[in-house]
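I have placed the structure first, in the form of structure tokens, so that the comments after it can refer back to it.
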Amino acid sequence: MALDFLIQLLVNGFIIGLLYGVVAMAFVLIYKSSLVVNFAQGEFLLIGAWACWWLLAQFSLPFYIAFIFTLIFMTIFGVLIQLIILRPLIGEPIISIIMVTIGLAIFFQALMNWMFGVFVEPFPKIFENESINLFGLRVQTVYIMSGLISLLIMISFAIFFKKSRLGLAMRATAFDQQAAQSLGVSVKQVFSAAWGISAMVSAVAGIVFGIVNGISSGIAFMGIKVFPAVILGGLDSVLGAILGGLVIGLLEHIAHYLDVQYLKIGNMIRIAPFYALLIILMIKPYGFFGTKDIERV
Amino acid sequence: MSLKKFRPCGDFRTSYAADMSMFQDKGSYYLTLGGIILLALSPFLFDSYIISLLIYIGFYGIAALGLNILVGCTGQISVGHAVFFGFGAFASAWLSNKFLVPVWLAIPIAAIMTAFVGLIFGIPAARVKGLYLAIATLAAQFIMEDFFSRAAWFTGGVDGASAEPLKIFNFYFDTDQKYFYIVLFWLLVSFLLVSNLMRTRDGRAFLAVRDHYLSAEMMGINLMKYRILSFGISSFFAGLGGALYGHYLSFVSIEEFNIQLSIFFLAMIIIGGLGSVRGSLMGAAFMVLLPEVMDYLTRSLAETSIDQMLSLSNAIPFIKEASIGLVIILFLIFEPNGLAYRWGQIRAWFKLYPFSY
């Protein structure tokens with residue numbers, strides 16, 4: 001019984017972890033290219049999920065069309081945020097950058113609550129949700145679907161960065177901004193593209209999360225949960241973000257298991273990642289794959 | 001003090017003492033004095049609604065002042081200031097309930113306790129800085145919030161803690177008008193302390209750590225000491241503000257000290273001006289009044305077509321929250337130096353009038 005429960009939790013943790021990995025990847029994409037710590041990442045998820053929900057509920061579009069419209073909308077949205085809010089702040093101290101993204105987070109959270117209410121709205125039924133038996137485990141199809149989508153996003157990210165011209169430009173900018181600029185890469189375009197892609201990917205994660213759990217402002221908390229993941233993996237490593245997301249997803253479910261079985265103190269699923277975050281910061285502040293900041297005087 | 005003129009048109013300071021004096025000219029000295037007298041008389045002049053707003057500005061101002069020492073003066077970003085504010089409130093209530101410490105004494109003791117907690121949470125600051133520190137304090141925020149909900153012996157758990165009203169020699173400070181003087185007293189003490197701190201070696205060390213920590217270290221400033229000390233001082237004022245808050249509301253609930261309140265404090269110092277002592281108070285006033293103004297605006301639009309179209313009256317809490325976010329963004333883009341800088345500009349304009357070059 002206890003073992004079954006543990007395995008069940010581990011599977012859930014793995015799938016949630018993949019989703020964290022996707023959000024962390026979107027976060028790292030912005031950080032790596034434009035050195036902006038995006039505290040509003042969770043709100044991107046929220047806006048994406050609500051936009052898709054609205055298209056489905058208001059116009060009763062087929063899911064695929066609504067999904068594509070949401071992605072296009074979110075890409076434009078991300079680019080606009082970068083153009084209007086973040087571009088004037090290039091070169092400002094780090095506190096300004098952090099605060100402006102926090103401001104964005106508050107603003108959009110309140111706006112979404114205003115427009116769509118504070119209650120959990122279930123997604124319209126898109127897939128037949130049933131549990132299937134996978135190696136003796138009962139796994140809901142939505143979970144499998146969300147895992148597959150996460151993997152798909154990760155693979156397409158890898159292809160994008162390896163093969164496409166824009167991906168190459170982004171890697172070049174992340175590596176050395178000035179060198180990239182002098183070789184003809186438009187850094188402005190790279191920044192905008194990073195925000196656009198990040199918002200789009202976040203929207204996919206938000207929609208997946210909304211399908212699994214229903215949409216509420218709680219989705220935005222994913223944007224906070226992403227911090228333990230990216231710190232674990234290193235702030236500027238895409239691979240680290242994925243692994244960090246997985247580890248945090250598993251960790252919180254293991255903590256939940258220990259909590260339910262032995263400790264009985266409650267709320268560990270929510271708090272454990274933050275203890276992990278503090279410990280990682282104390283022993284290995286640049287994470288496992290992050291670039292060490294070496295300062296020369 | 002060389003208070004020669006009301007508004008000298010230029011910089012005529014000739015001694016180091018004159019340069020370090022708190023009031024640079026007679027004008028600002030009398031302005032401050034007049035402001036304090038006006039505040040002291042305000043319970044007789046204004047109704048209790050305005051007094052309650054002033055009280056809020058008072059304890060938020062004290063807490064924002066603490067955060068400004070940490071963020072504005074030492075350059076360490078903290079996204080967890082609200083938990084220290086909350087810790088002060090709980091500590092004061094706990095001391096007066098469990099140990100029957102008189103409330104007027106419990107408030108400063110609670111502040112000192114909070115300072116020690118702040119010192120402990122400042123230890124990561126010795127190792128990480130900037131962005132990483134911000135994320136560490138974010139974790140501290142959630143961990144402490146969790147602690148509040150768990151430690152029923154200290155906070156009363158989900159029921160919250162009741163805080164007794166303040167009493168000195170059987171004289172109860174139970175109405176807003178009376179409690180106002182307590183807050184005013186601590187506000188003045190805090191601002192005096194911090195203004196003076198900024199004139200000492202320690203204060204200058206904070207600024208040096210902010211501006212260039214490597215140079216500071218080379219000049220003999222112990223980085224670790226000052227980074228942790230700044231956390232301690234900042235938490236002291238947060239605890240003081242929190243204790244005053246607790247005894248004002250006479251009830252402290254565990255849900256109030258969430259990340260929104262932390263961001264609220266950060267917004268105060270951004271809007272007031274980072275590293276500016278008077279900016280902290282300006283920012284606190286701005287952030288307390290902003291929701292009230294939004295409330296008023298929404299109400300004045302009631303029953304109009306705009307109201308019906310957007311269903312504004314149901315959305316007042318969201319409008320207040322969204323306005324906070326919007327104000328942060330707009331200030332950062334258009335006025336990154338805050339209200340204190342603008343105030344300086346206005347003063348400079350008057351000082352140099354009519355030849356402003």
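Per chain, numbering begins at 1; letters A, B, ... match sequence-line order.
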| remark: When every non-hydrogen atom of B:Ala322 is compared with those of A:Ala110, the smallest separation belongs to N-CB, 3.4 Å
| Top residue by heavy-atom pair count (under 4.5 Å) with chain A, among B:Leu131, B:Ile263, B:Ile333? | B:Leu131
| Looking at the rings of B:Phe142 and A:Phe221, which for Trp means the six-membered one, are their centres under 6.0 Å apart? | yes
| message | Quick check on A:Leu281 against chain B: is it the side chain, the backbone, both or neither that has a heavy atom closer than 4.5 Å? | response | both
| Pick from A:Pro273, A:Ala276, A:Ser96, A:Pro88: which one has the most heavy-atom pairs with chain B under 4.5 Å? | A:Ser96
| said: Are the side chains of A:Phe107 and B:Ile328 in contact, using a 4.5 Å heavy-atom criterion? | reply: no
| Closest heavy-atom contact between B:Glu321 and A:Ile106? | O-CG2, 3.5 Å
| request: For B:Glu255, enumerate each residue passing the side chain to side chain contact (heavy atoms under 4.5 Å, CB included) test, keeping only those at least two apart in sequence or located in another chain. | output: B:Ser253
| Hey, which of A:Ile280, A:Leu89, A:Ile85 has the most heavy atom pairs under 4.5 Å with chain B? | A:Ile85
| query | Where on B:Val327 is there a heavy atom nearer than 4.5 Å to chain A: the side chain, the backbone, both, or neither? | reply | neither
| field | Structural part of B:Ile270 lying under 4.5 Å from a heavy atom of chain A | value | side chain
| task | Just give me the residue among A:Ile95, A:Leu111, A:Leu104, A:Thr101 that pairs up with chain B most often, heavy atom to heavy atom, under 4.5 Å. | result | A:Ile95
| field | Part of B:Leu133 within contact of chain A (heavy atom distance under 4.5 Å) | value | neither
| field | Top of B:Ser149, B:Ala139, B:Ala136 for chain A proximity - count of heavy-atom pairs under 4.5 angstrom | value | B:Ala139
| query | Which heavy atom of B:Ile123 sits nearest a heavy atom of A:Met282, and at what distance? | reply | CG2-CE, 4.4 Å
